[in-house]
Amino acid sequence: MKIATWNVNSLKVRLPQVLDWLGANQPDALCLQETKTEDAGFPFAELEAAGYRAAHHGQKTYNGVAILYRGEATEVVRDIPGFADEQKRVIALTLDGTRIVSVYVPNGQEVGSDKYAYKLAWFTALAAWLREELARCPRLALLGDFNVAPEDRDVHDAEAWRERILCSTPEREAFRALLALGFRDAFRLFEQPERSFSWWDYRNLGFRRNQGLRIDHVLLSPALAAGCRRCTIDKAPRRLERPSDHAPVLAELDG
DNA sequence: ATGGCTTGAGTGTCAAGA
């Protein structure tokens, strides 16, 4: 089973790239973030023609998450149960016995801001929900844009980013709290190139200079991690004309 | 250097992203 995550920064703009990527990589599920469209504008027909169904949780202009998948999905859930949120940031479904969750964690804007407090509260709610999901679903994958670079090696210039948004200690602790539930960071199950990132700023030739952060992640429950064969960041779409600022992250699981 | 791009909204130029 191949699963992946990609913050597309507008599905309308990126749809041709998404269709090409699906064709080239043939994932069983692709989690999307920042679709930036309401369900009415979602390209169900184009995806269907490419062999993919979709579950979407969208809104105008901002946020929006989806899971593109092949086969039959059950138990579609939108939002974190019990957590009131205007922003569409979570969708989950079960595919062939594997529960898949697509998340777009709040950015937080600036350490100490209202948005930062929202981000940390959001993480707390996510962890509380996933603790229950893990107990219920041994095969559980959590994919998305976490807006956290977990360690200094996930940052192109750790000193410049020290305690800044995406890298602050409370954010990293929130990420580690997910690992404490039993999740494994699939990317770190394997030897990886140094300076591996999943996001590069559009400005300042960030990609060409590889000035990036690793903030897009695939977290796997113990049962899934045990059968994970590989996890890679695909930089190819970041090189295209009009790219998303994020690259897809892909994991291959046994079975 | 708090800038530097890109998007969606919607015609002016913002807010938001990370």
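Letters go in sequence order (proteins before strands), and every chain restarts at 1. No experiment lies behind these values; they were computed from the predicted model shown.
- Look at the P atom in both B:dG10 and B:dT6: the space between them is 22 Å, to the nearest Å.
- With a glycosidic angle no more than 90° from 0, B:dG4 adopts the syn conformation.
- The pair A:D154-A:R188 meets the salt-bridge criterion, with a side-chain N (NZ, NE, NH1 or NH2) lying under 4.0 Å from an Asp/Glu carboxylate O.
- Across the P atoms, B:dC14 and B:dA1 are found 25 Å apart, a figure rounded to whole Å.
- Counting heavy atoms of neighbouring residues, nucleotides and ligands inside a 6.0 Å radius, atom CZ of A:R230 does not exceed 12 of them.
- A:I165 comes within contact range of no nucleotide atom at all, as no heavy-atom separation falls under 4.0 Å.
- Counting to the nearest Å, the C1' atom of B:dT2 and the CH2 atom of A:W161 are 12 Å from each other.
- When rounded to the nearest whole Å, the span between CD of A:E171 and C1' of B:dA18 equals 10 Å.
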For every nucleotide of nucleotides 4-17 of chain B, 5' to 3': is a protein heavy atom under 4.0 Å from its base (B), only from its sugar-phosphate (S), or from neither (-)?
BBSSSS------SB
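- In terms of the ring pair (Phe, Tyr, Trp, His ring centres under 6.0 Å) criterion, residue partners of A:F175 (sequence neighbours excluded) are, by chain and number, A:F146, A:H217.
- Using a 4.0 Å heavy-atom cutoff across all strands shown, A:I215 reaches sugar-phosphate atoms only and no base atom.
- A distance of about 22 Å separates the P atoms of B:dT7 and B:dG12, rounded to the whole Å.
- With respect to A:R89 and A:D145, no salt bridge is recorded, no charged nitrogen being found less than 4.0 Å from a carboxylate O.
- The pair A:R78-A:D39 does not meet the salt-bridge criterion, since no charged nitrogen lies less than 4.0 angstrom from a carboxylate oxygen.
- Taking Ile, Leu, Val, Met, Phe, Trp and Tyr as hydrophobic and joining them when side-chain heavy atoms fall under 4.5 Å apart, one finds A:I100 in a cluster with A:M1, A:I3, A:V65, A:I67, A:Y69, A:V76, A:I91, A:L93, A:L95, A:Y104, A:L143, A:F187, A:V218, A:L220, A:L224, A:I233, A:V249, A:L253.
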